[in-house]
Trainee: 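Structure provided below as structure tokens; questions to follow.
The shown structure was predicted, so the numbers you read here are calculated from the model rather than taken from an experiment. Letters go in sequence order (proteins before strands), and every chain restarts at 1.
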Amino acid sequence: MTSRGVSVAFEKARADGRAALVGYLPAGFPTVAGGIAALRAMVDAGCDVIEVGLPYSDPVMDGPTIQRAAQQALEAGVRIRDVLATVEAVAATGTPTLVMTYWNPVERYGVDRFATDLADVGGAGLITPDITPDARTDWTVAADAHDLDKVYLVAPSSTDERIAMTVKACRGFVYATAVMGVTGARTTTSDLAGPLVARTKAVTDLPVAVGLGVSNGDQAAEVAAFADGVIVGSAFVRTLLDHADDASAGLTALTTLTADLADGVRRGR
Amino acid sequence: MTAQPTPWDADANGWFGDSSGQQWGGRYMPEALVAALDELTVAWQDAMADETFLADFDAILRDYANVPSPLYEAGRLSELVGCRVLLKREDLNHTGAHKVRNVLGQALLTRRMGKTRVIAETGAGQHGVATATAAAYFGLDCTVYMGSVDMKRQALNVVRMRLLGARVVPVDTGSGTLKDAINEAFRDWVASVDHTAYLFGTAAGPHPFPSMVRDFARGIGDEARAQCLDTYGVLPDAVAACVGGGSNAIGLFQAFLGDEGVEIHGFEPGGDGVETGRHAATIHAGADGVLHGARTFVLQDDEGQTIESHSISAGLDYPGVGPQHAHLAASGRATYTPVTDAEAMEALALLSRTEGIIPAIESAHAVAGALEVAKRLAAEKGPDAIMLVNLSGRGDKDMETALEWFGLGTEK
Ligand SMILES: Cc1ncc(COP(=O)(O)O)c(C=O)c1O
């Protein structure tokens, strides 16, 4: 196990008797430098793990908020080297930093080349929302060669057999999608998440983090009661979109939101 | 009758091609949709082995959709090129295109699976109209996603869908065209799979769609092959179809894959010309990649971002292509050639004037390409050579485009 892997962060949270807070923003949003500043603010205010999104032209798992941010980043010309630079800047804080990416860009870049370059900048691994471990890719080989975390998703619709197959392929943590749906902040948490986490925990010792829909400290506390990690994305993106013409107000709002969520993951137990 | 498996079919996991070489298709999808795709695979395979289902499908096609469509010898066009040109008249099907076969098949399957709602993406609006029609026929709730750019290009079909009782949802994200409508339909489906079927409009996407859509469209080729043998006593020398996602083409080609003497030609949308970069010639100019759940040829940049495609025909304006076509191209069994907007529009005018048939602009691509092949066949084999073209749809929806292209607003 490497020190850059996410397990360290989950272990630390577990030792503190709380869930880990996992924060997401797409790279290059609102700008490359602005995104780095935002992610660092999220680290400072209490995110334990960071996911850097790789903006993609066809994000089938994302709702309107993240789509908009990713499209804005793409229109501004964001490149994979910008994603890697973002990872490097965030990982330098000592916080484990993963890339969340749709599959085709990785493949086009070269799977092993991607793994090499990600490891070089201190990245912890990949979250791959649009592929499953049984889709045919070279990711397992490349990730193992570079000691990178492999995070696949399980869903409320997954059978027990598929959950068992998926967790076996995961390293770092397992991403449980709390709702049947795409990314986006929701006003209520889902009652599908608890049973899914229980079914997942029945077959793995890996931490299980829950994503899709969490937008405030109270929801984070609810999820933290049964999950090892709480993943928040759209709510962070929304906050930056709401302060599009005032970067420093955006960072302040982001810090406030992160603090609220960080408090939530500590209240849950 | 149940179709026999051939070496050109996919394996149980949706992979086309020899396992020792490059393979195409498969299933690259979010875990949340895997259960639904597995359920669909089982239901489709059960249905294809069930004589009652197949008989129901045939009966609906015959009584409701005007299928089998005629195979028509285009006399004046034949004279022009010097050999026989046969048109498979899918333009005469109910709703005006081959697409009705696929949707009636999938809607029948939806009913069999006990789902009450269907969703679809549409580019030209033909698949949307066909889906709305099938939904009306079977009493299913229907939502169609359509790029906002396409809604402008194909306003008439938007009206048709709404008249048929469908909800048409504009999609503004990305390029506002077919690929974005597909993304949006998948997003809907992730949240609605328990009661909703996604009626995919072409022989692309994750397994089982490429094989299932092919099975529902393959009547085109099965009929045409039998009709040709019946009338002429021989197989055609060549068959041709336009290729967007590839449903009408694979529906025609499948029957002829085992006939070694029959040339198979797919015509891709060449837009302004492949060299201009403004085209949708995915096989010709794309690279191996993953789009909408399948490994196939994809128009993409050096970082794997999908490149916006361009074609005068909304129905062909797609940066991916069905994986079985990728396999047929890579293996050399079929030949894929780009046809430009200008060539297609010229063929549209020619067919209109020589035969009194106004084709869809999509189909005009096939006609344009086939006429070139026919001229070669005439030179090589003489006047009895047979060029069989799938006329996948009629041109009513394209009159706005024709008006602009030809400047037909005033008498010259
Ligand atoms: C008349 C017609 N032909 C062809 C196509 C292209 O689709 P496919 O390649 O799946 O046959 C369309 C799509 O809308 C169409 O309307």
Trainee: If every non-hydrogen atom of B/Gly304 is compared with every non-hydrogen atom of A/Tyr56, which pair is closest and at what distance?
Mentor: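 The pair with the smallest heavy-atom distance is O-CE1, 3.4 Å.
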
Trainee: Examine whether an atom of A/Pro64 lies under 4.5 Å from a heavy atom of chain B, and if so say whether it belongs to the side chain, the backbone or both; otherwise answer neither.
Mentor: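 Contact with chain B is absent: no heavy atom of A/Pro64 under 4.5 Å.
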
Trainee: Which atom names give the shortest non-hydrogen contact between B/Lys179 and A/Asp58, and what distance separates them?
Mentor: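 Looks like NZ-OD1, 3.0 Å.
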
Trainee: I'd like to know which of A/Met180, A/Arg136, A/Glu75 tops the heavy-atom pair count under 4.5 Å against chain B.
Mentor: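 Result: the option with the highest number of such pairs is A/Arg136.
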
Trainee: Is chain A contacted by the side chain of B/Glu308, its backbone, both, or neither, given a heavy-atom distance below 4.5 Å?
Mentor: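 When you check distances to chain A, no heavy atom of B/Glu308 falls under 4.5 Å.
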
Trainee: Is a side-chain N or O of B/Glu31 found less than 3.5 angstrom from the main chain of A/Ser158, in a donor-acceptor match?
Mentor: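 Side chain of B/Glu31 to backbone of A/Ser158: no pair is present.
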
Trainee: In this structure, which one of B/Asn183, B/Leu33, B/Val190 forms a side-chain contact (heavy atoms from CB on, under 4.5 Å) with A/Met61?
Mentor: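 Going through B/Asn183, B/Leu33, B/Val190 one by one, the side-chain contact (heavy atoms from CB on, under 4.5 Å) with A/Met61 is satisfied by B/Val190 alone.
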
Trainee: With a sphere of 6.0 Å drawn around CZ of B/Arg117, does it hold more than 12 non-hydrogen atoms of other residues, nucleotides or ligands?
Mentor: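 Yes, because the 6.0 Å sphere around CZ of B/Arg117 holds more than 12 heavy atoms from other groups.
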
Trainee: Please classify the contact of A/Thr177 with chain B as side chain, backbone, both or neither, using a heavy-atom distance under 4.5 Å.
Mentor: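 Nothing of A/Thr177, per the 4.5 Å heavy-atom cut-off to chain B.
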
Trainee: With a 4.5 angstrom heavy-atom cut-off, could you sort out which part of B/Asp194 is near chain A: side chain, backbone, both or neither?
Mentor: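 Interface part for B/Asp194: neither.
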
Trainee: Strictly distance-based, threshold 3.5 Å: is any side-chain N or O of A/Ser57 a donor or acceptor partner for the main-chain N or O of B/Gln305?
Mentor: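 Not a single qualifying donor-acceptor pair exists.
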
Trainee: Using heavy-atom distances under 4.5 Å, tell me whether A/Asp134 contacts chain B through its side chain, its backbone, both, or neither.
Mentor: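 Looking at A/Asp134, nothing touches chain B.
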
Trainee: Side chains of A/Gln67 and B/Asp172: closer than 4.5 Å at any heavy-atom pair?
Mentor: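 No - every pair of side-chain heavy atoms lies 4.5 Å or more apart.
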
Trainee: Which heavy atom of B/Ala35 sits nearest a heavy atom of A/Ser157, and at what distance?
Mentor: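 Smallest heavy-atom distance, with atoms named: CB-O, 3.4 Å.
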
Trainee: Can you tell me which portion of A/Val154 sits under 4.5 Å from chain B's heavy atoms? Options are side chain, backbone, both or neither.
Mentor: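 Interface part for A/Val154: backbone (N, CA, C, O).
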
Trainee: Is the backbone N or O of B/Val290 less than 3.5 Å from a side-chain atom of A/Asn104, with the two atoms forming a donor-acceptor pair by type?
Mentor: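 Such a contact is found between A/Asn104 side chain and B/Val290 backbone.
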
Trainee: Output the option from B/Asp301, B/Asp180, B/Asp302 having the highest count of non-hydrogen pairs under 4.5 Å with chain A.
Mentor: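 Option with the top pair count is B/Asp302.
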
Trainee: Taking every non-hydrogen pair under 4.5 Å, which of B/Gln23, B/Glu184, B/His292 racks up the most with chain A?
Mentor: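 If we count pairs closer than 4.5 Å to chain A, B/Gln23 comes out on top.
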
Trainee: Examine distances only and state if a side-chain atom of B/Arg187 and a backbone atom of A/Asp62 form a donor-acceptor pair shorter than 3.5 Å.
Mentor: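 Present.
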
Trainee: Among A/Asp130, A/Thr137, A/Leu74, which has the most heavy-atom pairs under 4.5 Å with chain B?
Mentor: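 So the answer, after comparing A/Asp130, A/Thr137, A/Leu74, is A/Asp130.
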
Trainee: Heavy-atom cut-off 4.5 Å, strictly under: side chain, backbone, both or neither for A/Arg68 against chain B?
Mentor: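 The answer is neither part of A/Arg68.
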
Trainee: Given a strict heavy-atom distance threshold of 4.5 Å, which part of B/Trp15 is in contact with chain A: side chain, backbone, both, or neither?
Mentor: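 Just the side chain, heavy atoms under 4.5 Å.
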
